[in-house]
Each structure stands twice: as C-alpha cells, then as structure tokens.
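Just follow the structure's listing: the first ligand is 1, and inside any ligand the first atom is 1. It should be emphasised that the depicted structure is a prediction, and the values quoted were computed from it without experimental measurement.
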Amino acid sequence: MIDLRSDTVTRPGKEMAEAMWSAKVGDDMFGEDPAVVALESYTAELFGMDSALFCASGTMTNQIGIRLHCNLQDEVICHKYAHIYLYESGGIMSNAGASVKLLEGDRGRITAKAVQAAIQPDDVHATVSRMVSLENTMNKGGGSCYDFEEIYAIREVCHENGLALHLDGARLFNALEATGQKPKAYGEVFDTISVCLSKGLGAPVGSLLLGSFEQIKRARRIRKVMGGAWRQAGYLAAAGLYALQNNRSRLSEDHKRAQQMAELLSNCDYVKHVYPCETNILIFELGDKYTNESFLQILKGHNILAFGFGPQLIRFVTHLDFSETDCQKTMDVLKSL
Ligand SMILES: *Cc1c(COP(=O)(O)O)cnc(C)c1O
C-alpha cells in the first residue's frame, strides 16, 4: 500500500531502530533518563531556548503550552482552522478553561493587523486576551508557510499588549526547509514552541515543548497531571534525536514529490482546483467526475490511500516512506483516471 493519508504513518528504519535499542535509559520521573536529557538539551540548543520537555504527542505539548499562558476566563487568539481549536478535543476549554477568538486569514495564516483588532477591551464583560497561537506549516491551509516578517509584526503586537506567543510547529521543520528560515530565529520570537518528531521527521512517537527555565519547570507539573510523565522514555527519545539529526534536510524530497503531483493534478480534467503546494501537504478540489468517496475508492483499488478533507477536497501528505518509485506509480495512476 502507498499511504498518503498522513506523514504520521512512517515506521522506524533499521538505523533508527538501532539507535532506539542501543539507547541508555533510566527513570525519567527522577530526571534520570540520559537519552531524554540528550534529546531535550539538543532541541533547546537548536532553537536557542532555555529548556525543552519531551512529551507523548503534539496535542500534549500544545495543550501544556496553552495551560502555561492561560487561566479561567482568558482567551486564546488563533486562526479558525487551527489544530489547537479544531482537532484537540476541546482542550483549550477543558484543560485551560480558556475561551478562543477565531480569526480569518489566507490559507490558515493570521496577520498582525487581525491580531491587533481581536484584542479584547479592558472591560468586565469581556474575556482577557492572553495569548496568540500560530501554526507553521499550517495543516488545513495546505502546508502553507508564514513569512517571517509577519511573525515578527505579530510578536510586536503581542509585546505591546502583554500577550504570550505560542507556535504549533508540528511541521515547523518542513517550513524551515522550504523557506530557509533558522530555528534560532523562531526561538527568539516565540515564548513557547511545540515541535513534532512523529510527522515528517519520521520518529514513531513524540513532541517537544520549548520555553524558558521557569515555564518548562511548570510544564513538567502540568504534564504530570495529564498522566504524561513517563519512565524509560529514552527508547523513544533516541528515535527522536536520530530523526532530528538525520531526517531534516531530506524533507525537501517530500516537498519536491508533493510539487510534482500538484503540477500533474493541475492538468487533470477531473480536478477543479489545486491549492498552492509549498511543503509536503497537497490539497486539491475534485470537479463533477468523482465524489470524495468514489475517488478515494478508486485510489484504494490501485493500492493508494488518501484522505478526504472536506466536500470534494482530497489531501495527500508526502513523507519518509513515500519513495520516488511510489511517487512515479501514484502519478501513473493519477494520469490514467
Ligand atoms: C499532528 C498535529 C499536531 C499534534 O498532533 P498529535 O497527533 O497529538 O501528535 C498539532 N498540530 C498540527 C498542525 C498537527 O498537524
């Protein structure tokens, strides 16, 4: 099967598996797992931030980030397509007791101007605007990337208004690879950053939350109450460290393959519209010839799995286990429909 449903479907290769089995591990609840400590310090250093915390999922690192910044009656400002709002089971409300202000914006990205306009007045009737959360790349925006100038402008608005700035960087490494931006530039402007190791980087499990010493100290306690403190997590951390050290620059291959398929699809008569394809996510809209269900069924008949992403919308995500041969096979099928 060729699986284009998500970049989370990858399995560790031989070298990553070897790194896992040879990891030196200990009880992370005592802070004694050397592989976890190595991963956390490597990532903090990479972003030029004080500390990092290794967690089970990107939902957990986002939700801990939100809890760090928000309390009851506070408000999070984000795009209406944000993963933290759409796909985290109402965690903003149930974990932090916070409200959310949803903004519009081109392919999932918000602007400094829109953030400024969304800040609540100092009035007893209103919630308290407390933080802004950006997503880069933006999943539901088709893997779109932020311009650093806009991020910087949003940071200025946050500074002037005492708002924290969080990044959902589940696919930040794709954005860095596509734009040539540097991790340290992100470390400088964001208060907290969540990055995933189990998406394009190909690790089996894991995400990291980055922040200041004080924030990550508090984050450990929040992780604990979520049941997320763990023991010999070093086996997983070793996979994550391997992924960070070996699988970042190859993301450009995933981007190239997504781009090739995007070009092909834009010339197929059954496709009405192909979204701009900047990274490893490709979204396209079907015309009348196929419905989502019939299209996905036909692909499945050719041993290709994809994902329906709304009415007449199909999403492909390229990844480490989608090879050049797989890409050629997929393109042959797409041409033949
Ligand atoms: C995958 C993803 C997350 C985290 O998801 P988990 O499945 O909990 O690891 C967060 N944000 C975005 C944009 C994602 O794509």
Next item on the list: Assess the pair Tyr275 and His273: is the distance between their ring centroids shorter than 6.0 Å?
Entry: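 Yes: the rings meet the under 6.0 Å criterion.
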Note to self: Determine whether Phe148 and Tyr186 satisfy the following criterion, ring-ring contact (aromatic ring centres under 6.0 Å, His included), listing intermediate values before the conclusion.
What the structure shows: CA-CA 9 Å; Phe148 207 80; Tyr186 278 78; 5.2 Å; yes
Check: Would you say ligand 1 has an N or O under 3.5 Å from any N or O of Thr137?
Finding: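 Looking only at distances, the answer is no, because the N/O contact criterion of under 3.5 Å is not met.
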Notebook entry, point to check: Short question: side chain of Asn280, backbone of Asp7 - any donor-acceptor pair under 3.5 Å?
Noted result: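 No, Asn280 side chain to Asp7 backbone: no donor-acceptor pair under 3.5 Å.
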Nearest protein heavy atom with distance in Å, relative to [atom]:
atom: atom 1 (C) of ligand 1; value: Lys199 NZ, 1.3 Å
atom: atom 9 (O) of ligand 1; value: Gly58 N, 2.9 Å
atom: atom 8 (O) of ligand 1; value: Thr59 OG1, 2.5 Å
atom: atom 13 (C) of ligand 1; value: Glu135 OE2, 3.0 Å
atom: atom 11 (N) of ligand 1; value: Asp168 OD2, 2.6 Å

Check: For ligand 1, does Thr8 get within less than 4.0 Å through its side chain, its backbone, both, or neither, judged by non-hydrogen atoms?
Finding: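 No part of Thr8 comes within reach of ligand 1.
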Note to self: Please work out, at 4.0 Å between heavy atoms, whether the side chain, the backbone, both, or neither of Met138 comes within that distance of ligand 1.
What the structure shows: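 Answer for Met138: neither.
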Next item on the list: Using the ring-ring contact (aromatic ring centres under 6.0 Å, His included) rule, take Phe322 and Phe316 through it: C-alpha gap first, then chi angles, then the decisive distance, then the call.
Entry: CA-CA 11 Å; Phe322 179 68; Phe316 287 175; 8.2 Å; no
Item checked: Close approach of Met60 to ligand 1, heavy atoms, under 4.0 angstrom ->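 False for this residue.
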Checklist line | Interfacing atoms of ligand 1 (cut-off 4.0 Å, heavy-atom, Arg171) | finding: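 Reading through ligand 1 atom by atom, the close ones are 15 (O).
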Notebook entry, point to check: For ligand 1, which atoms have a heavy atom of Ser57 less than 4.0 angstrom away?
Noted result: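 Those atoms are 8 (O), 9 (O).
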Checklist line | Arg155 vs Asp191, salt bridge (Lys or Arg N to Asp or Glu O under 4.0 Å): CA-CA, chis, key distance, verdict | finding: CA-CA 10 Å; Arg155 176 59 178 169; Asp191 296 297; 3.1 Å; yes
Margin query: Can you tell me which residue among Ile110, Thr137, Leu167 is in a side-chain contact (heavy atoms from CB on, under 4.5 Å) with Tyr146?
Written below: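 The single option meeting the side-chain contact (heavy atoms from CB on, under 4.5 Å) with Tyr146 is Ile110.
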Margin query: Check the orientation of Tyr235 and Trp21. Use parallel for under 30°, tilted for 30 to 60°, and perpendicular for over 60°.
Written below: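 Tilted, since the angle between the ring planes falls between 30° and 60°.
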Item checked: Residue Gln73 excluded, over 12 heavy atoms near CD under 6.0 Å ->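 No, the 6.0 Å shell around CD holds no more than 12 heavy atoms from other groups.
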